[in-house]
Amino acid sequence: MRLSQGFFPTVKEVPADAVIPSHQLMIRAGLMRQLAAGIFSFLPFGYNVMKKVMQIIREEMDAIGGQEFHLPALNPIELWEETDRVKAFGDIMFHVKNRPMVLAPTHEEVITAIAKNHIKSYNQMPQIWYQIQTKFRNEPRPKSGVLRGRQFTMKDSYSMDSSWEGLDKSYDLHAEAYKKIYTRCGLSFYIVGASSGAMGGSGSQEFMVESNAGEDNLAVCEESGYAANVEIATSLVPSAERYSLSEPLKEVHTPNCKSIDEVAAFLKLPTNRCAKSLIFMNGEQPVLVLMLGNNQLNESKLQKVFGADIRPAHPEELIELTGADAGSIGPVGLNNKFHIVADNRLKDANGLVCGANKNDFHLLNLDMQRDVKIEAFYDFRTVEEGETSPDGKGKLRIVKGIEVGHIFKLGTKYSDSMKAMFLDEKGEEHPIIMGSYGIGVERIIACHIEQHHDENGIKWQKALAPYDVHLISVNMNSPEVVAKADELYKLLPQQGISVLYDDRSGVTAGFKFKDADLLGMPLQIIVGEKNLKNNLIELKDRNSGDRKTVPVENAVEEIVAFVKN
RNA sequence: CGGGGUGUGGCUCAGCCCGGUUAGAGCGCUUGGUUCGGGACCAAGAGGCCGGAGGUUCGAAUCCUCUCACCCCGACCA
């Protein structure tokens with residue numbers, strides 16, 4: 001493509017609305033333009049990249065036996081009522097005003113509807129069905145360019161198996177395919193254990209790219225390779241000590257001590273001799289959760305035990321239920337009213353401080369065995385930076401990550417509710433066992449740029465580069481330069497190399513170099529007067545910044561060698 | 001949905017507090033000329049009812065009310 005003829009709206013200034021590098025560069029390099037919050041038009045340059053990403057995904061999906069579908073985005077709302085997801089999605093789903101239709105935020109229902117009509121026997125499975133299409137979600141707050149949009153492209157695939165072993169196999173095939181996809185896309189990534197959330201199912205993993213622009217927190221350990229979303233991450237931390245002597249409970253006045261830090265300082269005790277009480281409402285049932293010291297309660301872990309509807313109690317409820325405000329609440333004497341559970345670190349501990357259920361008073365010498373009946377101990381902690389990895393092989397780092405893929409073992413959630421049944425060898429009917437696997441296409445592009453850029457622009461890795469090389473004719477007034485550049489522009493495609501050719505006249509050399517760095521093709525081929533007089537052509541590697549000159553007659557060969565590696 | 005911020009030529013912004021010529025700058029764009037290896041220079045141009053509605057005032061980009069849009073933090077996130 002000749003730059004003089006193509007549509008390449010590059011911009012020098014940093015767009016005011018863009019905060020993260022990938023967003024800024026996707027605008028500046030002319031990959032896309034914003035139409036409305038969370039809605040983007042992809043321009044030819046950007047769509048070129050998107051097609052490369054989709055092609056890689058297709059190849060790897062096809063390699064594990066996937067079959068590509070093209071499915072409707074407009075869905076009858078009744079379909080979503082069958083699985084009760086109109087309610088589950090709530091305001092996230094776009095509703096069509098003049099028809100009982102919705103815009104699909106994902107495609108489990110459509111796929112299951114097809115399976116229900118056509119998959120009747122265990123003989124017809126396994127199946128892997130996928131699509132790469134636009135999804136619609138009414139995000140409350142679109143942000144970070146393409147990272148959280150209201151309309152975006154997603155590859156999602158669905159596996160259908162007749163056995164749980166089959167599901168495991170389909171799931172593993174996807175995990176392997178995903179590793180290949182992200183690796184080919186030039187991303188370094190973590191595979192983390194994840195909370196399966198409201199999707200349900202028995203297992204789930206996320207593919208995460210480390211980035212400050214990320215919305216998820218990850219606990220990772222370089223030494224052992226452990227990586228998990230902090231929603232479920234664990235670490236090795238010692239339990240609170242049990243003293244041999246258990247002193248009797250004693251009430252003490254602790255004026256104006258609200259936080260654990262204040263109580264510990266006032267009583268001259270370490271914070272990890274304090275038991276913090278947190279009150280939640282599980283429907284009408286109050287729940288008291290005990291945590292050690294300043295340990296942060298992990299609400300995902302709490303929800304896993306009690307369900308998603310559990311919520312923190314309101315201040316009025318606290319005083320009504322315990323007789324004290326937050327900060328002076330403790331478990332002693334509340335067993336008849338509350339479900340009382342505790343974090344593992346408190347198991348069997350004694351000599352602890354807790355609230356006395358009387359404002360400005362605490363109890364000393366709480367013994368978890370003697371003074372309170374704990375229904376169960378769970379891991380409720382949020383792990384912290386520097387703690388030991390659960391495998392004991394190193395320290396955890398907490399990093400931010402962008403989710404670029406998520407794989408789920410769905411099980412029979414959708415086949416049950418939609419009655420997608422098959423007959424097994426014995427003629428018995430069972431629901432199809434399903435998996436669901438998603439990849440965000442635009443997110444791959446944004447992450448690629450987050451990981452491969454500098455102050456001058458994008459540094460495309462070969463697999464995603466919209467063109468293999470960027471050919472620059474430095475001076476269009478020089479007939480020799482133009483002739484040589486034109487010749488390369490003709491020859492290189494014959495070697496299977498795609499060329500972006502800056503043949504603009506009336507643009508200075510510096511301007512062309514800046515644009516080339518911004519646009520970021522892996523190799524720049526610079527044809528200029530001085531070098532050409534010495535029968536030389538300059539090659540610049542955008543990633544390393546290395547430049548070298550090669551004799552004209554070797555140019556094509558060198559370029560081919562670079563591109564094909 | 002809570003909190004904060006911003007809307008002024010295509011882009012980045014100044015002007016607004018403290019109302020008062022014809023609303024500015026840089027970049028980009030058009031024309032002519034000079035340049036031609038790191039976002040050139042000279043000259044001449046085009047381009048704006050200052051997000052929208054209402055109000056206060058002799059007079060509003062500027063003050064007041066409402067509204068819309070976009071960005072950021074939080075909540076939310078299959």
Side-chain angles (χ1 to χ4, degrees), chain A residues 9-20 23-24 27-28 30 33-39 80 83-93 104-109 135-145 147-150 152 154 156 158 194-201 204 206 213-216 229 231 299-300 308 311-312 402-403 405-408 410 413-414 436-438 440 455-457 472-478 481-482 502 504-519 524 526-533 536-538 540 545 547 549:
Chain A
T10 57
V11 328
K12 187 161 70 173
E13 318 243 24
V14 176
D17 283 348
V19 174
I20 64 169
H23 186 191
Q24 294 173 347
I27 302 295
R28 290 226 295 134
R33 286 293 182 267
Q34 178 164 331
L35 183 65
I39 305 174
W80 290 78
T83 54
D84 206 29
R85 286 175 101 197
V86 175
K87 210 172 92 196
F89 272 105
D91 198 44
I92 290 289
M93 192 150 64
T106 173
H107 277 80
E108 280 81 6
E109 278 76 1
K135 313 276 165 171
F136 300 87
R137 287 180 199 179
N138 186 22
E139 290 290 347
R141 179 150 99 84
K143 58 179 285 202
S144 302
L147 285 183
R148 179 163 293 272
R150 294 208 166 116
F152 56 95
M154 190 162 130
D156 54 357
Y158 304 93
S195 156
S196 36
M199 286 289 277
S204 117
E206 289 168 332
E215 302 182 309
D216 290 274
N229 199 307
E231 288 177 354
E299 295 207 19
S300 298
R311 61 161 176 88
I402 298 169
E403 179 186 351
H406 202 158
I407 56 180
F408 282 99
L410 279 183
K413 180 176 156 98
Y414 296 92
S436 160
Y437 319 88
E455 64 281 5
N456 294 314
I472 298 172
S473 166
V474 173
N475 186 347
M476 295 301 290
N477 294 326
S478 158
V481 166
V482 173
D502 194 344
R504 291 174 296 183
S505 45
V507 173
T508 59
F511 199 99
K512 291 188 177 185
F513 294 143
K514 288 288 186 189
D515 257 358
D517 285 348
L518 212 210
L519 293 172
Q524 296 172 14
I526 301 162
V527 184
E529 237 174 341
K530 286 174 200 159
N531 278 324
L532 200 57
K533 266 181 196 146
L536 293 170
I537 280 173
E538 180 179 340
K540 175 180 165 185
R547 301 157 181 276
T549 50

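All figures in this text were calculated on a predicted structure; none of them were measured in a lab.
Summarising the base pairing, rG48(B) is matched to no nucleotide, lacking a Watson-Crick or G-U wobble pair whose two defining distances lie under 3.5 Å. Pairing of rC16(B), defined by two Watson-Crick or G-U wobble distances under 3.5 Å, is not identified with any nucleotide. Using N1 to N3 plus N6-O4 or O6-N4 for Watson-Crick, or N1-O2 and O6-N3 for G-U wobble, each under 3.5 Å, rA60(B) pairs with nothing. rA75(B): no Watson-Crick or G-U partner with both key distances under 3.5 Å is found in any strand. Using N1 to N3 plus N6-O4 or O6-N4 for Watson-Crick, or N1-O2 and O6-N3 for G-U wobble, each under 3.5 Å, rG10(B) pairs with rC27(B). Partner assigned to rA53(B) is rU65(B), using Watson-Crick or G-U wobble distances below 3.5 angstrom.
For Lys514(A), there are no salt bridge (charged side-chain N to carboxylate O under 4.0 Å, His left out) partners, not counting sequence neighbours.
No engagement by Pro105(A) is indicated, since no non-hydrogen atom pair under 4.0 Å with the nucleic acid exists. Nucleic acid contact for Ser473(A): none, since no nucleic acid atom lies under 4.0 Å from a heavy atom of the residue. Residue Met93(A) is out of contact with every strand shown, counting any heavy-atom pair closer than 4.0 Å.
Defined by atom type and a distance below 3.5 Å, a donor-acceptor pair is present between the side-chain atoms of Ser204(A) and His406(A). Using a 3.5 Å distance cut-off with no hydrogens or angles, the side chains of Asp17(A) and Gln34(A) do not pair a donor with an acceptor. Between the side chains of Asn531(A) and Thr549(A), no donor N or O sits under 3.5 Å from an acceptor N or O.
The distance from atom CD1 of Ile27(A) to atom OG1 of Thr10(A), rounded to the nearest 0.5 Å, is 12.5 Å. A distance of 5.0 Å separates CD of Gln524(A) from CD1 of Ile472(A), quoted to the nearest 0.5 Å. Residue Phe511(A) holds its CZ atom at 9.0 Å from CG of Asp502(A), rounded to the nearest 0.5 Å.
The base of rC77(B) is not paired with the side chain of Arg137(A) by any donor and acceptor separated by under 3.5 Å. At a cut-off of 3.5 angstrom, counting only N and O atoms as typed in the model, there is a donor on one side and an acceptor on the other between the side-chain of Asn531(A) and the base of rG37(B).
Side-chain contact between Ser144(A) and Glu215(A) is absent, with no heavy atoms from C-beta onward closer than 4.5 Å.
Rounded to whole Å, the C1' atom of rG28(B) lies 15 Å from the corresponding atom of rA40(B). Taking the P atoms as reference points, rG9(B) lies 28 Å from rU56(B), given to the whole Å.
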Nucleotide N/O of nucleotides 12-15 of chain B paired with protein N/O under 3.5 Å:
| from | atom 1 | to | atom 2 | distance (Å) |
| --- | --- | --- | --- | --- |
| rU12(B) | OP1 | Ala16(A) | N | 3.1 |

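Separating the CD atom of Gln24(A) from the P atom of rC11(B) is a distance of 17 Å, rounded to the nearest angstrom. The CZ-P distance, from Arg141(A) to rC70(B), rounds to 13 Å in whole Å. Between the P atom of rC77(B) and the NE2 atom of His406(A) lies a distance of 14 Å, rounded to the nearest Å.
Ion pairing between a basic and an acidic side chain is recognised when a charged N comes within 4.0 Å of a carboxylate O; Glu108(A) and Arg85(A) show such pairing.
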Sugar-phosphate or base contact per nucleotide [nucleotides 38-44 of chain B; S, B, -; heavy atom under 4.0 Å]: BBB----
